[in-house]
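Working notes for the structure below.
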Amino acid sequence: MNWYNKEEDELVSYFKTDLKNGLKKEDIDQALSKYGKNELKQEAKKPFIEKLKDQFLDPMIIILIIASIVSAFTGDKVEAVIIIAIVVVNAILSLLQEGRAEQAIEALQKMSSPKAKVIRSGQHLEVESSNLVPGDLVILETGDIVPADLRIIEASNLKIDESSLTGESVPVDKNSKTMDEADVGIGDRENIAHSSTIVSYGRGRGIVIATGHDTEIGHIATSIALVDNEATPLQKKLAGLSKTLGILVIAICAIVFVVGLLYKNEPLEMFMTAIALAVAAVPEGLPAIVTIVLSLGMGKMAEKNAIVKKLLAVETLGTTTVICSDKTGTLTQNEMTVTKAYVDGLEIDVTGTGYAPIGELLVGKEKVSEIQDLNVLTHIAGLTNDARLVVNGENVEIAGDPTEIALLTFAEKQDVSVDKLNGTYKRIEEIPFDSGRKMMTTFHRYPDNVYSYTKGAPDIIIRHSTKILSNGKIVDFTDEKKKEVLEKNNEFARSALRVLAYAYRTFDEVPSDTSSENIENEMIFVGLTGMIDPARPEAKAAIKECKEAGIIPVMITGDYFETGLAIAKNLGIAEDESQAIVGAELNDMTPEEIREVVKTKRVFTRVSPENKVQIVTALKENGHITAMTGDGVNDAPAIKRADIGIAMGITGTDVAKNTAEVILTDDNFATIVNAVEEGRVIYSNIKKFVSYLLSCNIGEVLVVLIAILMNLPVPLLPIQLLWLNLVTDAFPALALGVEKGEENIMQEPPRDPAEPILDPEIKITVIVQSIAITIATLGAYLIGIKWHGQEGIGLEYARTMAFATLITAELLRSYSSRSIRYTLLHIGPFTNKKLVWATMFSFALMLVVMYVPNIRELFELDSIGMNEWIVIIVASLIPLVLGEIQKVLRFKKYHDEFER
């Protein structure tokens with residue numbers, strides 16, 4: 001029910017309450033049984049056994065389990081244990097990422113006020129907020145956290161900070177007036193106080209209209225729980241690759257088994273051969289290498305102020321095509337700042353941002369010297385003020401309303417010490433701000449006179465002023481001058497500045513009647529100030545880099561249309577008004593219409609949490625990989641719905657942080673761009689080592705398959721293939737995973753989200769390298785058979801030559817894998833030091849297996865001499881050379897650019 005447009009007597013009748021004495025005890029007990037506790041209920045947690053089961057349903061994991069069974073069946077229990085260990089480690093890492101929705105709900109519960117001040121049966125009490133019920137009469141005072149959704153029935157200068165719920169940058173004035181509109185957005189409900197928002201000024205009373213999950217914050221909690229965790233792009237691509245490999249394994253094993261039987265071979269022998277092929281086809285180390293590379297990526301991102309909580313989110317960042325960002329505290333500093341002043345026809349620019357009083361006052365490009373009218377303006381701004389600003393070196397302590405803090409900072413920039421000011425001009429009386437008058441007046445004695453200083457809404461103060469200060473002199477405030485000031489006020493307002501006006505009067509003594517009607521009339525107008533929550537200085541460069549990288553930046557804010565559009569235009573997110581829209585317009589649209597809207601709009605203002613989810617959902621349905629950044633409770637549902645959720649670490653609420661996959665420890669939008677770049681590098685490296693591993697594995701399959709078709713003994717045994725896949729290949733693959741990113745990676749457009757991990761470039765590379773590895777290995781094997789025969793010790797020699805050639809070829813081929821497009825000459829053959837050490841270590845392991853007694857016998861290998869090594873080295877160079885040649889032929893334009 002929309003309580004904001006209901007009269008007080010309707011509330012009293014519906015909730016059976018009393019506007020003076022509150023609820024009676026028996027009514028409270030009934031309400032508790034009807035509505036339940038004022039707390040957010042936990043969703044039923046998924047049983048651990050269910051979570052565990054889900055981890056083993058991934059196709060790649062199933063293939064690995066089958067491979068371990070095969071290894072155990074062939075007597076290779078060590079390899080079987082290693083494979084199972086890989087599966088278990090991956091399951092543990094994945095389980096640690098579960099339960100984000102539960103954590104977000106718990107954070108929402110913590111945000112609830114533990115105590116609430118109420119009136120029950122005429123008594124003023126303090127009760128647990130969880131025991132509040134609809135109909136309770138709640139007292140609100142400055143600093144209180146609103147304990148439930150309230151319909152305000154009494155307000156005295158009441159301002160509530162709703163930034164965490166709506167995204168609006170300044171506290172909202174609240175009143176008790178009934179609203180006539182039938183449908184009013186959350187941010188515009190002037191007579192409603194929402195649960196978990198903060199009273200920043202004044203006091204009031206309200207009747208509880210909703211508790212627990214029925215509050216606006218409860219609706220958000222429900223929406224978070226309802227949003228399903230989706231698979232990341234990398235998960236989907238690896239799952240697709242796993243399925244392809246699974247089908248390939250089954251098909252090849254079947255072919256080999258049938259062909260072997262046609263050759264009149266023993267069924268058991270052919271079954272073991274098929275097993276060898278199955279082992280060769282599966283890259284057993286792939287899941288572990290992906291996990292390790294992503295973990296290393298997490299470490300790099302943490303160094304750059306982006307903490308990634310979910311492994312796969314590291315790669316997802318690199319696929320981002322749209323970044324949706326909250327405005328307040330994300331693109332802006334969440335610190336109101338005076339940027340303009342106006343006195344006596346002069347427009348003054350105020351430099352510096354935030355609450356630190358660092359900056360200058362300029363007219364044009366000239367620093368302001370002594371301007372008497374400006375001094376009076378800064379005096380009024382500093383004295384009609386209840387905020388606190390203490391500057392201690394680089395540290396600034398603040399307390400109070402953000403608007404008033406901004407005015408104190410402005411005064412300090414004009415070398416007006418607020419502390420000295422208050423000491424000199426003693427406040428002796430005041431007329432507090434009132435939302436009806438829209439003015440605040442304070443009285444000060446200096447030295448023998450009494451001054452009334454007034455600040456407030458420009459149109460009101462102009463209307464109540466008859467004189468104007470001009471170059472230190474008091475002159476008539478003519479209609480022409482009033483028109484000039486109003487035009488300047490409108491100009492500031494069109495720039496999304498929050499404009500305040502200042503005026504004063506003088507008295508011989510404190511007037512006997514200090515009511516506003518007598519004092520706030522016939523005033524002397526002084527000037528205007530315009531303030532805004534300024535954009536972060538580094539955000540503009542980050543937005544530009546986003547666009548260069550083909551990423552679309554979108555602003556989603558709870559602030560007003562003009563404010564949001566002005567900031568967006570300043571940052572380069574939007575060019576004109578046609579690219580902005582008010583969130584309420586989305587409420588009457590179908591999902592199809594919203595999908596069309598998000599194609600062209602870049603600024604969404606006055607949005608509700610539901611609107612944010614609608615926007616993110618529409619972008620995703622249009623095929624975008626969407627990142628959502630924010631810091632408030634209102635951002636949490638959209639953060640969870642996005643492909644990648646990003647929360648601010650300093651200003652972010654616990655809800656936003658627990659829902660997100662990434663937390664920015666410096667609250668800097670530019671950090672997102674750095675993280676996207678790192679994500680792109682990581683994905684590029686994943687493609688490199690997947691390409692490397694697959695070319696090696698397919699080469700192994702072809703070697704065995706072709707040998708069988710030629711009716712030759714199997715060149716490589718299952719134990720030898722397992723050693724290759726789990727040990728020898730793993731170290732170079734890991735080194736490829738930390739390859740330095742190519743310089744132009746952020747000038748390229750985001751890849752198509754639907755593009756498989758084996759894109760056309762990778763497929764051609766894998767095919768070329770697989771054939772080259774096959775030729776090299778089979779060539780060495782055939783020479784070994786020709787030299788030593790294909791039986792007994794001769795077969796062991798030939799298999800040893802095949803084993804050594806395959807390993808050496810793959811190690812050399814890893815250097816070519818460092819770039820899909822650029823040759824080793826371009827990138828430098830030894831610039832990846834980790835790869836140099838990895839290949840040396842893998843080669844040393846191969847020599848151990850070949851030449852250390854007992855281990856050599858375990859692997860059914862034999863020692864070989866110099867002649868065999870000459871063949872091995874020459875054959876092993878074939879994949880490397882062919883790989884470099886095909887790069888030059890296929891990617892000529894990149895090499896031409898390099899030469900230029």
Side-chain angles (χ1 to χ4, degrees), residues 280 283 285 688-689 691-704 706-707 715-717 719-736 765-766 768-788 796-818 824 829-830 832 834-852 855-856 859-885:
K688 289 171 187 175
F689 69 68
S691 164
Y692 168 70
L693 290 173
L694 284 182
S695 62
C696 295
N697 283 73
I698 292 173
E700 294 163 15
V701 169
L702 290 175
V703 166
V704 176
I706 293 172
L716 296 160
L717 301 175
I719 189 172
Q720 296 166 353
L721 291 168
L722 275 169
W723 176 264
L724 272 163
N725 292 347
L726 288 173
V727 182
T728 312
D729 291 349
F731 297 110
L734 276 173
L736 289 173
T765 300
V766 168
V768 169
Q769 290 298 309
S770 299
I771 293 171
I773 288 171
T774 303
I775 291 170
T777 306
L778 270 180
Y781 180 59
L782 290 171
I783 290 172
I785 286 177
K786 184 176 180 181
W787 285 359
H788 304 289
E796 280 193 8
Y797 265 83
R799 281 177 173 162
T800 303
M801 288 181 69
F803 179 76
T805 302
L806 183 56
I807 290 177
T808 308
E810 289 180 358
L811 295 180
L812 291 174
R813 181 261 183 284
S814 68
Y815 286 85
S816 183
S817 300
R818 289 179 56 202
L824 280 175
F830 305 113
N832 185 341
K834 290 183 175 63
L835 182 62
V836 174
W837 286 108
T839 50
M840 289 174 61
F841 183 65
S842 295
F843 191 78
L845 287 175
M846 179 192 72
L847 294 179
V848 168
V849 169
M850 289 173 58
Y851 289 101
V852 175
I855 298 178
R856 182 178 64 216
F859 282 85
E860 299 185 42
L861 297 170
D862 218 319
S863 300
I864 54 175
M866 185 58 66
N867 290 335
E868 287 84 2
W869 270 111
I870 292 172
V871 172
I872 290 167
I873 291 169
V874 171
S876 298
L877 286 169
I878 294 173
L880 174 62
V881 173
L882 280 180
E884 295 299 283
I885 291 172

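All values below were derived from every heavy atom in this structure, side-chain atoms included, with hydrogens, water molecules and symmetry-related copies excluded. In what follows, residues are counted from 1 in the order of the sequence shown.
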Between [X] and [Y], is any pair of side-chain heavy atoms under 4.5 Å apart?
X	Y	answer
T839	F731	no
T765	S695	no
Y692	P732	yes
T808	I873	no
M840	V836	yes
E868	V871	no

Next on the checklist: Tell me every residue that passes side-chain contact (heavy atoms from CB on, under 4.5 Å) with A804, counting only those two or more places apart in sequence or in another chain.
Outcome noted: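 A804: side-chain contact (heavy atoms from CB on, under 4.5 Å) contacts with M846, M850, W869, I872.
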Next on the checklist: Holding to side-chain contact (heavy atoms from CB on, under 4.5 Å), I want the full list of residues that pass it with K834, two or more places apart in sequence or in another chain.
Outcome noted: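 Partners of K834 by the side-chain contact (heavy atoms from CB on, under 4.5 Å) criterion, ordered by chain and then number, come out as A735, V738, N832.
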Side-chain donor/acceptor of [X] to backbone N/O of [Y], under 3.5 Å:
X	Y	answer
S816	L812	no
Q769	P879	yes
R818	P829	yes
T805	A802	no
E884	L824	yes

Using 0.5 Å steps for rounding, measure from the [atom1] atom of [X] to the [atom2] atom of [Y].
X	Y	atom1	atom2	result
L736	S814	CG	OG	6.0 Å
M801	E796	CE	CD	14.5 Å
F803	D862	CZ	CG	13.0 Å
L882	L877	CG	CG	11.0 Å
I870	I783	CD1	CD1	11.5 Å
S770	L694	OG	CG	8.0 Å

Next on the checklist: For the CH2 atom on W787, are there more than 12 heavy atoms of other groups (residues, nucleotides or ligands in this structure) within a distance under 6.0 Å?
Outcome noted: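 More than 12 heavy atoms, drawn from other residues, nucleotides or ligands, come within 6.0 Å of this atom.
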Checklist entry - Y815: what forms a ring pair (Phe, Tyr, Trp, His ring centres under 6.0 Å) with it, not counting sequence neighbours? => result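 Not a single residue meets the ring pair (Phe, Tyr, Trp, His ring centres under 6.0 Å) criterion with Y815.
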Looking at [X] and [Y], what are the two nearest heavy atoms and their distance?
X	Y	answer
P715	R799	O-CG, 3.1 Å
L811	S842	CD2-CB, 3.6 Å
R813	S691	NH2-OG, 3.3 Å
F689	A733	CB-O, 3.6 Å

Checklist entry - Going through the distances and angles, do Y781 and V703 end up as a side-chain contact (heavy atoms from CB on, under 4.5 Å)? => result CA-CA 9 Å; Y781 180 59; V703 166; over 6 Å; no
